[in-house]
Amino acid sequence: MKSVGEVMAIGRSFEEVLQKALRMLNIGADGFTAHRNKNFVIPDYMKEIKEPTTRRLFAIAEALKDGMSVQKIHALSKIDVWFLEKMKNVVEYERTISKKQLTKDSLRSAKKLGFSDAQIAVIKKSEESKIRLLRTKFKIFPVIKQIDTLAGEFPAQTNYLYLTYHGDEHDIERGKNQVAVLGSGPYCIGSSVEFDWSCVQALKTLKTNGYQTIMINSNPETVSTDYDMSDRLYFEELSLERILDIVDFEKPAGVVVSTGGQIPNNLALPLHRNHVKILGTKPIDIDRAENRHVFSKLLDELDVDQPTWA
């Protein structure tokens, strides 16, 4: 599914792909529903559904939560019933797991429907790290699949990789002597072509120095996501959960976050806290420069003037 903002989410069910795509937009949404950010609660959802804006999907989620029928939403929006039924599946499963203790089967089903660990933590009033620990305990891990570019006529050997919970085995084996580079995600103000150029230069330099390269990015409109730019290309979301999944499998020598702009830089400290080796500038120093609150406090300590901000 290609979504607004030039992202490409790949999976094996519509529910899984929809939730992935919404996270890939990096607008603060955790998926279709169950957000940490309350900005996606749409009180006047009827107006949003009838007169669409960029918040329409979240309005549909609110309507489904309130019990509005698929047929009524279809009448207001003209969205095909098939898609609305799939969205309803996500909302109904959120309701199901909110009432019961998470079991191995219910957690696996949630992951197949595209729920992130963070979403499940919101539903269960828990923490993302605790849901990850529970998944590990239950041995519920995503599998790595190759995109079949040959329509099943011949065995596909492509460099386009994605993670899914719909499968039992990986299509590839773990690489050797690898370094991962995190891309910039969707193009937007403050994150554009110069970051992709930087990622490509990082890939070329790593290759020149004898490393196998892993590129992780969700934007198909970039040079870094060309199939021949890296040894492994993951079309995946730039989230803590997904990067940890890939690192757990590939075991790279390190991860480069400094060439992709704001999105990967914001992951530097969380990845560091999860024992991922960050190459280049120390994660604590990256956070000191990237985190506006931390940087502002540093300016105050140094008695450096700064504009009033909020």
Side-chain angles (χ1 to χ4, degrees), residues 1-4 6-25 29-34 57 61 79-94 96-97 102-120 123 131-132 135-136 138-174 185-186 214-220 225 227 232-239 241-250:
M1 175 178 179
K2 197 171 176 182
S3 187
V4 177
E6 294 299 344
V7 300
M8 187 160 73
I10 306 163
R12 294 195 168 190
S13 73
F14 179 80
E15 296 92 337
E16 178 184 42
V17 168
L18 174 66
Q19 300 223 75
K20 261 191 181 185
L22 289 169
R23 286 191 289 271
M24 285 177 171
L25 291 175
D30 287 313
F32 183 57
T33 184
L57 273 176
I79 295 174
D80 192 285
V81 169
W82 186 90
F83 295 105
L84 295 173
E85 289 286 358
K86 297 294 184 181
M87 295 177 201
K88 185 180 178 183
N89 289 344
V90 174
V91 171
E92 287 185 340
Y93 204 75
E94 177 191 356
T96 296
I97 60 175
L102 279 175
T103 64
K104 184 175 182 178
D105 288 341
S106 64
L107 184 53
R108 185 182 294 280
S109 294
K111 300 306 287 185
K112 286 183 176 181
L113 288 169
F115 284 92
S116 68
D117 291 348
Q119 280 178 289
I120 297 168
I123 296 166
I131 300 300
R132 187 175 188 87
R135 270 205 301 115
T136 302
F138 287 150
K139 291 184 169 51
I140 300 173
F141 305 112
V143 293
I144 297 167
K145 293 294 180 183
Q146 295 172 312
I147 300 174
D148 185 357
T149 55
L150 300 172
E153 188 174 356
F154 304 101
Q157 296 294 329
T158 64
N159 194 28
Y160 298 117
L161 306 173
Y162 66 100
L163 277 67
T164 180
Y165 285 87
H166 295 268
D168 299 316
E169 60 184 26
H170 301 296
D171 284 354
I172 60 172
E173 295 183 358
R174 180 177 295 150
I214 299 170
M215 185 69 213
I216 307 171
N217 203 2
S218 56
N219 190 339
T225 51
Y227 74 95
R232 295 265 166 101
L233 170 59
Y234 284 90
F235 267 116
E236 272 299 339
E237 55 189 271
L238 292 160
S239 64
E241 175 183 342
R242 194 41 40 95
I243 303 306
L244 290 177
D245 289 336
I246 295 170
V247 167
D248 285 349
F249 173 77
E250 294 283 12

What residues form a side chain to side chain contact (heavy atoms under 4.5 Å, CB included) with [X], not counting sequence neighbours?
X: D168; answer: none
X: V247; answer: I243, P252, V255, V276
X: R12; answer: E16, K145, Y162, T164, H166
X: L233; answer: N159, Y160, M215, T225, S230, F235

Using the ring-ring contact (aromatic ring centres under 6.0 Å, His included) criterion, which residues pair with [X]? Sequence neighbours excluded.
X: F141; value: none
X: Y165; value: none
X: H170; value: F249
X: F32; value: none

Exercise. Listed by chain and number, what are the salt bridge (Lys or Arg N to Asp or Glu O under 4.0 Å) partners of K112, not counting sequence neighbours?
Worked result: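 Per chain and number, K112 pairs via salt bridge (Lys or Arg N to Asp or Glu O under 4.0 Å) with no residue.
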
Exercise. Can you tell me how far the CD1 atom of I97 sits from the CG atom of L107, to the nearest 0.5 Å?
Worked result: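 The CG atom of L107 is 8.0 Å from CD1 of I97, to the nearest 0.5 Å.
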
Exercise. Under 3.5 Å, is there a donor-acceptor pair linking the side chains of Q119 and Q19?
Worked result: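 Result is yes, a qualifying pair exists.
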
Problem set entry | S106-S109 side chain donor-acceptor pair, cut-off 3.5 Å |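 No - no donor-acceptor pair under 3.5 Å links their side chains.
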
Partner residues of [X] under the side chain to side chain donor-acceptor pair (under 3.5 Å) criterion, sequence neighbours left out:
X: D30; value: R36
X: E237; value: R23, S239
X: R242; value: E236, D245

For this session: Under the side-chain contact (heavy atoms from CB on, under 4.5 Å) rule, what do D171 and I144 come out as? Steps first, then yes or no, please.
Result: CA-CA 6 Å; D171 284 354; I144 297 167; 5.9 Å; no

Exercise. Would Q146 and I172 satisfy side-chain contact (heavy atoms from CB on, under 4.5 Å), going step by step from the backbone distance to the final call?
Worked result: CA-CA 8 Å; Q146 295 172 312; I172 60 172; 3.8 Å; yes

Problem set entry | Intermediate values then yes/no, side-chain contact (heavy atoms from CB on, under 4.5 Å), K86 and L18 | CA-CA 9 Å; K86 297 294 184 181; L18 174 66; over 6 Å; no

Exercise. Could R132 and E241 be called an ion pair, given the rule that one side-chain N must be under 4.0 Å from one carboxylate O?
Worked result: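 Looking at R132 and E241, the cut-off is not met.
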
For this session: Decide side-chain contact (heavy atoms from CB on, under 4.5 Å) for M87 and N89; before the verdict, give the C-alpha distance in whole Å, the side-chain angles of both, and the deciding distance to 0.1 Å.
Result: CA-CA 5 Å; M87 295 177 201; N89 289 344; over 6 Å; no

For this session: Please examine the side chains of R135 and K111, heavy atoms only from C-beta on, and report whether any two atoms are closer than 4.5 Å.
Result: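 Touching, per the 4.5 Å side-chain cut-off.
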
